[in-house]
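What you see below is based on every heavy atom in this structure, not just the backbone, and it leaves out hydrogens, waters and symmetry mates. Whatever order the structure lists ligands and atoms in, that order sets their numbers, starting from 1. Numbers here are sequence positions counted from 1.
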Amino acid sequence: MSDFKITDKKTTIYLGDNSLQKLNSFLKKHYEHSRKFLIVDENSLKYCYNKVIPFLKDIKNIEIIEIDKGEKNKNLTIVEQVCEVLLEFEADRSSIILNLGGGIIGDIGGFVASIYKRGIDFIQIPTTLLSQVDASVGGKVAVNVGHLKNQAGSFNMPKAVFIYPDFIKTLPKKEFASGMAEMLKHGLIADKNHWEMIHPKNIDIDLIYQSVCIKQSIVQLDPYEKNERKKLNFGHTVGHAIESYFISKKRKTLHGFAVVAGMLIESNLSYQLKLINKNTLTQITTKLDSLYSRLTIEEDEIPHLISLMKNDKKNFSNQINFTLLKNIGEAEINCQVNEDEIIKSLKAYIAVCQ
Ligand SMILES: NC(=O)c1ccc[n+]([C@@H]2O[C@H](COP(=O)([O-])OP(=O)(O)OC[C@H]3O[C@@H](n4cnc5c(N)ncnc54)[C@H](O)[C@@H]3O)[C@@H](O)[C@H]2O)c1
């Protein structure tokens with residue numbers, strides 16, 4: 001049995017088989033008299049709530065708020081609805097939100113916590129691999145506006161994160177693969193050994209811990225994404241454009257799969273800009289292609305993707321701003337790339353699917 005604790009000034013991350021025990025003592029110690037609102041979706045209610053109940057049974061004042069699952073619900077309407085429920089239950093400024101779910105519950109609940117009555121406390125209890133290794137860590141919370149990803153949000157650190165690895169046992173295979181994509185990204189930007197170790201058969205508590213540490217150490221250096229934290233955006237400039245485009249067309253994909261496409265295309269860009277050599281590009285492409293199928297994108301959709309990239313939050317001076325790779329395990333931030341090069345990399349990705 002392994003248990004890990006990562007602490008910084010603003011938050012504590014508990015990871016391991018005892019993390020729900022820690023949740024119990026944390027709530028008793030800091031929030032005994034507070035109203036508590038546990039936000040779930042149908043799957044976290046079905047698969048995870050029963051595992052949490054034994055650790056909540058002597059905790060008073062808990063209400064459950066269930067919201068519909070899925071990216072299409074990560075929007076301002078849901079945020080308003082959750083605020084209305086909080087008002088109905090007379091939640092005050094000493095109340096706390098407990099997000100039990102994947103990245104979508106964490107993002108919605110965390111955003112509500114940052115605006116309800118100008119801000120209340122929240123904690124993350126992530127139940128998907130993606131939210132355990134990535135979304136619950138670092139205090140970025142946001143919802144989509146229209147089909148554009150994460151356009152309304154804030155930086156808001158949870159008071160604590162409780163990562164119980166057992167939750168991921170009930171995840172559908174594709175959700176597991178989606179989460180593993182962010183672990184691969186952590187390896188590509190910061191730790192070659194981590195990248196090499198990641199394989200569906202190897203994912204265990206130690207690799208989850210390593211991935212959380214990579215993310216947390218980057219966030220600690222630069223919580224508000226002025227510099228270092230931009231490294232975590234590798235794969236996401238293109239990935240978010242693809243995800244937003246797919247949402248607008250009601251085509252299904254998962255966040256991690258869009259990020260894999262983004263990592264393939266942005267690795268190709270890194271090669272075009274001579275930041276990495278052919279051999280490194282081949283190593284990255286071979287591993288990602290062995291683990292994930294390519295998304296179907298047509299050449300005539302490229303202009304839509306470029307236009308979405310132009311809307312990316314990370315841009316400045318009207319230039320699309322990328323984080324690219326200098327090597328496996330090393331990222332370069334603030335890379336300005338011209339449109340022709342982006343188109344070339346998108347075409348190279350598409351060519352493999354045809
Ligand atoms: N805030 C951040 O820093 C950050 C970082 C990365 C991604 N994200 C966001 O996270 C979202 C994706 O998160 P996600 O992949 O966790 O998606 P998700 O929250 O939709 O969860 C995926 C699916 O798994 C189900 N589920 C959750 N826990 C389960 C369990 N234990 N067993 C079975 N099913 C379970 C959910 O109901 C859902 O259907 C995206 O919106 C993305 O933008 C945020």
Side-chain angles (χ1 to χ4, degrees), residues 11 20 39-52 66-75 78 99-114 122 124-145 147-158 161 163-186 211-212 214-216 218-219 223-225 229-236 239-244 246-247 252-260 262 313:
T11 194
L20 296 181
I39 305 189
V40 293
D41 69 13
E42 64 189 71
N43 288 322
S44 63
L45 184 63
K46 183 171 168 192
Y47 297 111
C48 309
Y49 181 60
N50 281 345
K51 294 178 183 169
V52 182
E66 184 183 340
I67 58 186
D68 288 341
K69 68 181 165 66
E71 188 72 41
K72 66 177 185 305
N73 297 303
K74 199 176 99 167
N75 58 40
I78 292 276
N99 294 318
L100 178 71
I104 290 180
I105 293 293
D107 274 4
I108 296 171
F111 185 56
V112 168
S114 63
F122 76 108
Q124 301 284 33
I125 314 164
T127 62
T128 60
L129 181 60
L130 187 140
S131 58
Q132 295 195 343
V133 296
D134 191 1
S136 66
V137 177
K140 266 193 187 179
V141 290
V143 296
N144 307 331
V145 177
H147 61 271
L148 294 177
K149 289 275 300 178
N150 302 335
Q151 297 296 306
S154 69
F155 290 97
N156 190 16
M157 273 292 170
V161 182
I163 302 175
Y164 184 57
D166 192 70
F167 283 145
I168 63 176
K169 285 186 183 155
T170 53
L171 270 188
K173 249 186 173 164
K174 63 179 185 3
E175 298 293 349
F176 181 87
S178 173
M180 197 177 70
E182 297 283 10
M183 300 179 84
L184 288 159
K185 180 200 75 182
H186 288 158
S211 237
V212 170
I214 292 172
K215 170 126 191 207
Q216 175 67 1
I218 293 176
V219 169
Y224 298 105
E225 200 172 296
R229 188 170 181 163
K230 291 183 184 171
K231 288 184 176 171
L232 291 162
N233 296 330
F234 173 65
H236 283 65
H240 275 157
I242 293 174
E243 211 182 348
S244 295
F246 274 45
I247 296 172
K252 285 207 166 132
T253 189
L254 296 180
H255 179 72
F257 298 162
V259 169
V260 169
K313 297 186 289 299

side-chain contact (heavy atoms from CB on, under 4.5 Å) involving Ser131 - partner list, sequence neighbours excluded: Pro126, Thr128, Ala135
Salt bridge (Lys or Arg N to Asp or Glu O under 4.0 Å) partners for Lys72, two or more places apart: none
Pairing residues for Asp166 by the salt bridge (Lys or Arg N to Asp or Glu O under 4.0 Å) criterion, not counting sequence neighbours: Lys51, Lys169
Within the protein, flag every N or O under 3.5 Å from an N or O of ligand 1, and note the pair and distance.
| residue | atom | partner | partner atom | Å |
| --- | --- | --- | --- | --- |
| ligand 1 | 1 (N) | Asp107 | OD1 | 2.9 |
| ligand 1 | 1 (N) | Lys140 | O | 2.7 |
| ligand 1 | 13 (O) | Gly103 | N | 3.2 |
| ligand 1 | 16 (O) | Gly103 | N | 2.8 |
| ligand 1 | 16 (O) | Thr128 | OG1 | 2.6 |
| ligand 1 | 19 (O) | Gly103 | N | 3.2 |
| ligand 1 | 19 (O) | Ile104 | N | 3.1 |
| ligand 1 | 28 (N) | Thr127 | OG1 | 2.7 |
| ligand 1 | 31 (N) | Thr127 | O | 3.1 |
| ligand 1 | 31 (N) | Phe167 | O | 3.0 |
| ligand 1 | 31 (N) | Thr170 | OG1 | 3.4 |
| ligand 1 | 32 (N) | Thr170 | OG1 | 2.7 |
| ligand 1 | 37 (O) | Asp41 | OD1 | 3.2 |
| ligand 1 | 37 (O) | Asp41 | OD2 | 2.7 |
| ligand 1 | 37 (O) | Asn43 | ND2 | 2.9 |
| ligand 1 | 39 (O) | Asn43 | ND2 | 3.3 |
| ligand 1 | 41 (O) | Glu71 | OE1 | 2.7 |
| ligand 1 | 41 (O) | Glu71 | OE2 | 3.4 |
| ligand 1 | 41 (O) | Lys74 | NZ | 2.9 |
| ligand 1 | 41 (O) | Lys149 | NZ | 3.3 |
| ligand 1 | 43 (O) | Lys74 | NZ | 3.2 |
| ligand 1 | 43 (O) | Lys149 | NZ | 2.7 |

From CA spacing to verdict: side-chain contact (heavy atoms from CB on, under 4.5 Å), Asn73, Ile67: CA-CA 8 Å; Asn73 297 303; Ile67 58 186; over 6 Å; no
Backbone of Ser44 reached by a side-chain donor or acceptor of Asp41 within 3.5 Å: yes
Side-chain ion pair, Lys215 and Glu182, N-O less than 4.0 Å: no
